[in-house]
Amino acid sequence: MSILIDKSTRLLVQGITGRDGHFHAVKMKEYGTNVVGGTSPGKGGSTVDGLPVFNTMYEAVEKTQANASILFVPASYAADAIMEAADAGIPTLDVIKAYRFTQLKGAMLIGPNCPGLISPEKSLAGILPGNVFKKGNVGVISRSGTLTYEIVYHLTAHGMGQSTAIGMGGDPVVGLYFRELLEMFQNDKDTESIVMIGEIGGNAEELAAEYIKKHVTKPVVAFIAGQSAPPGKQMGHAGAIISGNSGSAEE
């Protein structure tokens, strides 16, 4: 079993005709993800590597019965793309206004500014390097893309496969976060343990620790990046900034 995506996921790529959307649509399809098409306003009726392109999400969902989408669009269009996907009746994978809108529509949002998610040997949505992942029983939740790849590589090398790995994104405002994902993994019968990769900035890790203490019975291993970061200085991600004691590695 896995959480959020599996072999039944029917994925649309918003921005499929762009450089990054095209490149990663092909990669996801090659991995085995059921990519059913994509959108690019004004280019409906064309194809990208055999995948149909639609002008709108409404049309795309109607024609493909998609139930998930991933965004490869410029930042200035991201919020509108998220809301268009939610309004068309599907959850968006890959902005406060857009997040609240997805909640009202009953959709689940991963990201923005994240590497995506993967249920190894089942489905990949994002830019994660599928070759380092292996099917197994370890759930992975991470705020950092590259740290996800690094730690998963070591898990795989030591024979510990993953049920699902999720890159949540490093922006100050993102969709599904530690608490919700911890609950999903706790309820997933095939996830036996959890790896949580956090970093400085915000209090999400502190809140996650409280949730784990009260509600999670499975083993959890956590890594916090940024132990040497000076207070008040942004380190990499937009959300990776310490304010007072809150969000420090020590805290």
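Predicted model, so just to flag it, every value in this text is computed and none were measured. Note: hydrogens, waters and symmetry copies are ignored here, and every other heavy atom, side chains too, is used. Quick note: residue numbers are just sequence positions, from 1.
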Checklist outcome for this item: Asn55 meets the side-chain hydrogen bond (donor to acceptor under 3.5 Å, both in side chains) criterion, sequence neighbours left out, with none
Checklist entry - Is there side-chain contact between Thr164 and Phe185, with at least one heavy-atom pair below 4.5 Å? => result yes
Checklist entry - Heavy-atom distance under 4.5 Å between the side chains of Met57 and Ser69, does that happen here? => result yes
Next on the checklist: When you compare the side chain of Ser144 with that of Tyr149, does any pair of heavy atoms fall below 4.5 Å?
Outcome noted: no
Checklist outcome for this item: Sorted by chain and number, sequence neighbours left out, ring-ring contact (aromatic ring centres under 6.0 Å, His included) with Tyr211 holds for His215
Checklist entry - Backbone N or O of Asp87 within a donor-acceptor pair of the Lys105 side chain at under 3.5 Å? => result no
Checklist entry - Okay, side chain of Lys29, backbone of Asp49: is any donor-acceptor separation there less than 3.5 Å? => result yes
Checklist entry - Do Met196 and Ile212 come within less than 4.5 Å of each other through their side chains, counting heavy atoms only? => result yes
Checklist entry - Which residues pass the salt bridge (Lys or Arg N to Asp or Glu O under 4.0 Å) test with Glu62, sequence neighbours left out? => result none
Checklist entry - Would Thr56 and Glu84 count as having a side-chain donor-acceptor pair, cut-off 3.5 Å? => result no
Checklist entry - So, do Lys122 and Ile5 sit near enough that their side-chain heavy atoms are less than 4.5 Å apart? => result no
Item to check | Pairwise side-chain contact, Val140 with Ile151, heavy-atom cut-off 4.5 Å (strictly under) | outcome: no
Checklist entry - If you look only at pairs with a residue in residues 15-28, which of them pass as a salt bridge (Lys or Arg N to Asp or Glu O under 4.0 Å), with sequence neighbours excluded? => result none
Checklist entry - Got a donor-acceptor contact below 3.5 angstrom from the Glu205 side chain to the Glu199 backbone? => result yes
Checklist outcome for this item: With sequence neighbours left out, the residues meeting side-chain hydrogen bond (donor to acceptor under 3.5 Å, both in side chains) with Thr156 are Gln162
Checklist outcome for this item: Heavy atoms of Pro52 and Thr47 approach each other most closely as CA-CG2, 4.3 Å
Item to check | Any Val48 side-chain heavy atom under 4.5 Å of Ser46 side chain | outcome: no
Checklist entry - With sequence neighbours excluded, what pairs up with Lys7 under the salt bridge (Lys or Arg N to Asp or Glu O under 4.0 Å) test? => result none
Item to check | Heavy-atom check, side chain of Phe72 versus side chain of Ile127, under 4.5 Å | outcome: yes
Next on the checklist: Testing Leu128, Asn34, Leu124 one by one against Met28 for a side-chain contact (heavy atoms from CB on, under 4.5 Å), which residue passes?
Outcome noted: Leu124
Next on the checklist: With a 3.5 Å distance limit and no angle check, can you tell me whether Arg10 reaches the backbone of Thr64 through a side-chain donor-acceptor pair?
Outcome noted: yes
Checklist entry - So, the side chain of Ser40 versus the backbone of Lys43: is there a donor-acceptor pair under 3.5 Å, distance only? => result no
Next on the checklist: Testing the 3.5 Å rule here: is there a donor-acceptor pair between the side chains of Ser2 and Ser163?
Outcome noted: no
Item to check | Glu210 side chain to Leu207 backbone, donor-acceptor under 3.5 Å | outcome: no
